[in-house]
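This report refers to the structure that appears directly beneath it.
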There are 2 protein chains.
Amino acid sequence: MRADAKKNYDQLLAVARAVVAEQGADASLRDVARRAGVGLGTLYRHFPTREALLEALLRTNFDALAQRADELERSDDSGSALVTWLREAVATTHNCSGAIALMVAAISDEGSALHASCVSLRAAGTRLLVRAQTKGAARSDMDGNDLFALISALAWLADQPPLVPRADHLFEIISSAILVKV
Amino acid sequence: MRADAKKNYDQLLAVARAVVAEQGADASLRDVARRAGVGLGTLYRHFPTREALLEALLRTNFDALAQRADELERSDDSGSALVTWLREAVATTHNCSGAIALMVAAISDEGSALHASCVSLRAAGTRLLVRAQTKGAARSDMDGNDLFALISALAWLADQPPLVPRADHLFEIISSAILVKV
DNA sequence: ACCTGAACACCGTTCAAGT
DNA sequence: ACCTGAACACCGTTCAAGT
């Protein structure tokens with residue numbers, strides 16, 4: 001990558017991080033380019049889709065979550081390891097307001113720039129879920145897809161301003177459903 | 001209302017019902033006016049906000065849900081009455097794709113045209129929940145707001161195409177959390 | 001009273017023209 | 001190679017002008 005191109009790329013990413021934190025995942029891309037002092041076409045070549053931009057912004061977080069799952073997989077209590085990871089996954093996913101709907105769409109769209117991240121998120125959760133199920137700590141009638149769906153539902157809830165005060169409590173209710181054996 | 005005004009109103013409502021069913025709650029209002037053969041300003045005067053239009057479209061459904069709660073309140077099994085109503089509430093709310101986020105926003109916004117409908121939905125659910133709690137069929141650590149949030153989460157899940165096949169199963173998981181006693 | 005549609009200020013996306 | 005910004009086709013919302 002040419003030096004000027006790299007500079008634009010970095011600048012776009014930094015500005016996008018701020019704008020998305022401010023306005024959510026559906027922020028104006030025009031606004032991002034404007035604030036970055038870059039032509040609109042430049043943004044589109046570096047990030048051909050909104051998903052590509054979000055993927056670049058969120059990759060670090062996804063990687064951290066996968067690594068966190070590895071650590072937690074070695075803990076004694078498989079049930080609370082699962083719930084702990086779940087809580088962190090919801091928090092991470094929630095941190096970019098509005099991104100969760102795109103992520104859900106991406107899991108069944110191999111062409112999406114977010115696809116790989118979603119698959120690895122689901123895989124990390126599946127590992128912890130299966131272990132908890134094997135040890136009898138989690139209900140046996142669900143799989144990684146269900147877990148991914150419940151994470152997305154909780155992240156969505158935490159994204160709705162009127163529900164924010166109840167988000168923790170709703171997490172308790174739903175996670176209790178996972179831990180209860182069938 | 002003048003006869004021509006009433007005709008426009010009815011025509012707008014009929015077209016909006018079709019367009020919203022097709023494109024979801026964020027459908028183009030311009031498109032609605034166009035297809036209704038009516039000026040854009042006419043749509044805006046009859047329905048000053050998107051919420052007002054949706055409210056007109058959904059009022060019947062909300063009324064039916066409230067009435068259904070009355071019926072179910074007289075059934076023997078307070079727990080399954082609650083779950084049955086919950087299932088119907090999710091289905092009703094889901095039927096207008098994308099409306100659920102607006103409804104959640106409306107519950108804490110008295111100025112919204114959807115506010116009253118949301119409050120009555122919550123009230124209907126609360127009646128069934130409290131009865132089930134009194135009889136020991138539902139967990140005691142939640143209230144009508146939590147129930148409303150869970151309905152909205154389930155409706156949101158059912159709105160995401162990749163999750164549709166799992167929607168029923170996710171309903172079972174979450175409703176089991178409500179019925180389990182604490 | 002009621003209706004219309006132009007006007008304004010925004011989008012996302014593409015692509016010819018520049019350096 | 002890379003960048004720019006005009007161009008196109010859309011929005012939501014308002015409001016002067018018409019009947």
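Each chain gets a letter, A, B and so on, in the order the sequences are listed, and its residues count up from 1. Every value quoted in this text rests on a predicted model; they were computed, and no experiment measured them.
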Distance criterion of 3.5 Å, no angle test: do you see the side chain of A:Arg30 paired donor-to-acceptor with the base of C:dG12?
yes
So, does B:His46 get its side chain near the phosphate of C:dC3, meaning an N or O under 4.0 Å from OP1 or OP2?
yes
Residue-phosphate contact under 4.0 Å: B:Asn8 side-chain N/O, C:dC2 OP1/OP2:
no
Mind checking B:Ala3 for me? I need base, sugar-phosphate or nothing, with any heavy atom below 4.0 Å counting as a touch.
nothing
Measure from OH on B:Tyr44 to C1' on C:dA1 and round the result to the nearest Å.
22 Å
In whole angstrom, give the distance that lies between atom CZ of B:Phe47 and atom C1' of D:dG12.
17 Å
Judged by nearest nucleotide, the residue sitting upstream toward the 5' end of DNA chain D, B:Arg34 or A:Thr42, is A:Thr42
To the nearest 0.5 Å, tell me how far B:Ser152 OG sits from A:Leu163 CG.
5.5 Å
For B:Arg45, report the nucleic acid contact type (base, sugar-phosphate, nothing); a contact means any heavy atom under 4.0 Å.
base
Atom CG in A:Leu43, atom CG in A:Leu53: separation rounded to 0.5 Å?
6.5 Å
Determine whether a donor-acceptor pair (N or O, by modelled atom type, separation under 3.5 Å) exists between the side chain of B:Arg50 and the backbone of B:Ala25.
yes
Whole-Å distance, B:Lys7 NZ to C:dC2 C1', equals 14 Å
OP1, OP2 of C:dG12 versus side-chain N and O of A:Ser28: anything below 4.0 Å?
yes
Picking from D:dC2, D:dG5, C:dT4, the nucleotide nearest the side-chain atoms of B:Val38 would be C:dT4
From C:dT13, D:dT13, D:dA1, nucleotide with atom closest to A:Leu29 side chain
C:dT13
A:Gln23 has an atom CD; how far is it from atom P of C:dC10, in whole Å?
12 Å
Applying a 4.0 Å non-hydrogen cut-off, can you work out what A:Ala27 is touching in the nucleic acid: base, sugar-phosphate, or nothing?
sugar-phosphate
